[in-house]
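One structure is given below, encoded as structure tokens.
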Amino acid sequence: MKPFTEDVIRVIRNIPKGKVLTYGLVAALAGHPGAARQVARVLHTMSSAHNLPWHRVINGQGKISLPPAGGYEIQKKRLESEGVEFGRSNRVDLKQVLWDISSLDDIENGTV
DNA sequence: CCACTGACTACTT
DNA sequence: CAAGTAGCCAGTG
């Protein structure tokens with residue numbers, strides 16, 4: 001399996017409930033800063049196979065990048081169910097819901 | 001190996 | 001705040 005893909009999946013799997021991460025952040029945590037776009041690809045490719053919480057991954061503007069016909073509503077509802085609040089522009093307060101990277105610890109393990 | 005594509009990000013208008 | 005432009009990197013053909 002592609003190392004990059006594995007790392008990305010690992011990171012996403014460690015995102016706590018009620019928190020979100022941006023593509024760029026996930027890529028950085030995976031050890032590939034700047035590869036935000038590939039994170040998106042991994043999500044699309046592995047989400048179903050790995051049962052990942054892909055809905056906890058949004059873009060750097062605190063918004064969902066998916067088109068209305070691509071699962072946008074689903075992601076929004078799932079996040080709201082976890083306590084994530086959406087503003088009038090369908091944006092979330094990153095300061096509030098963005099995962100506190102300081103809590104990172106199990107990712108190096110990869111034992112999940 | 002080269003070229004194209006993409007759930008992105010940052011900067012500028 | 002919204003829209004356009006340029007730079008990014010990895011996966012796929």
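A note on names: the letters A, B, ... follow the listed sequences, proteins ahead of strands, and every chain is numbered from 1.
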Between A/Lys19 and A/Glu82 (salt bridge meaning N to carboxylate O under 4.0 Å), is one present in this structure?
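The answer is no: the pair does not qualify as a salt bridge.
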
Note: A/Lys2-A/Glu6 ion pair, threshold 4.0 Å (strictly below)
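No.
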
Can you find a pair of side-chain heavy atoms, one from [X] and one from [Y], that are under 4.5 Å apart?
X	Y	answer
A/Lys63	A/Ile58	no
A/Tyr23	A/Ser65	yes
A/Val57	A/Ile15	yes

Round to the nearest Å and state the distance from [X] atom [atom1] to [N] atom [atom2].
X	N	atom1	atom2	answer
A/Asn59	B/dC8	CG	P	7 Å
A/Leu94	B/dA10	CG	P	11 Å
A/Tyr23	B/dA10	OH	P	14 Å
A/His44	B/dC8	NE2	C1'	13 Å
A/Leu25	B/dT9	CG	P	9 Å
A/Ile58	B/dT9	CD1	P	9 Å

Members of residues 61-86 of chain A that approach DNA chain B, where some heavy atom sits under 4.0 Å away
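Here the set is A/Ser65, A/Leu66, A/Gln75.
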
Side-chain donor-acceptor pair under 3.5 Å between A/Asn90 and A/Lys76, yes or no?
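Indeed, the side chains of A/Asn90 and A/Lys76 share at least one donor-acceptor pair under 3.5 Å.
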
Protein and nucleotides 8-10 of chain C: nitrogen or oxygen contacts under 3.5 angstrom:
residue : atom : partner : partner atom : Å
C/dC9   : O2   : A/Gln38 : OE1          : 2.6
C/dC9   : O2   : A/Gln38 : NE2          : 2.4
C/dA10  : OP1  : A/His32 : ND1          : 3.2
C/dA10  : N3   : A/Gln38 : OE1          : 3.4

How far apart are the closest heavy atoms of A/Pro53 and A/Ile12, and which atoms are they?
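Heavy-atom minimum between the residues: CG-O, 3.5 Å.
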
Taking all non-hydrogen atoms of both residues into account, name the closest pair between A/Leu79 and A/His55 and its distance.
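Here A/Leu79 and A/His55 meet closest at CD2-O, 3.1 Å.
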
Touch class at under 4.0 angstrom, heavy-atom based, for A/Thr22 against every strand present:
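Contact class for A/Thr22: sugar-phosphate only.
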
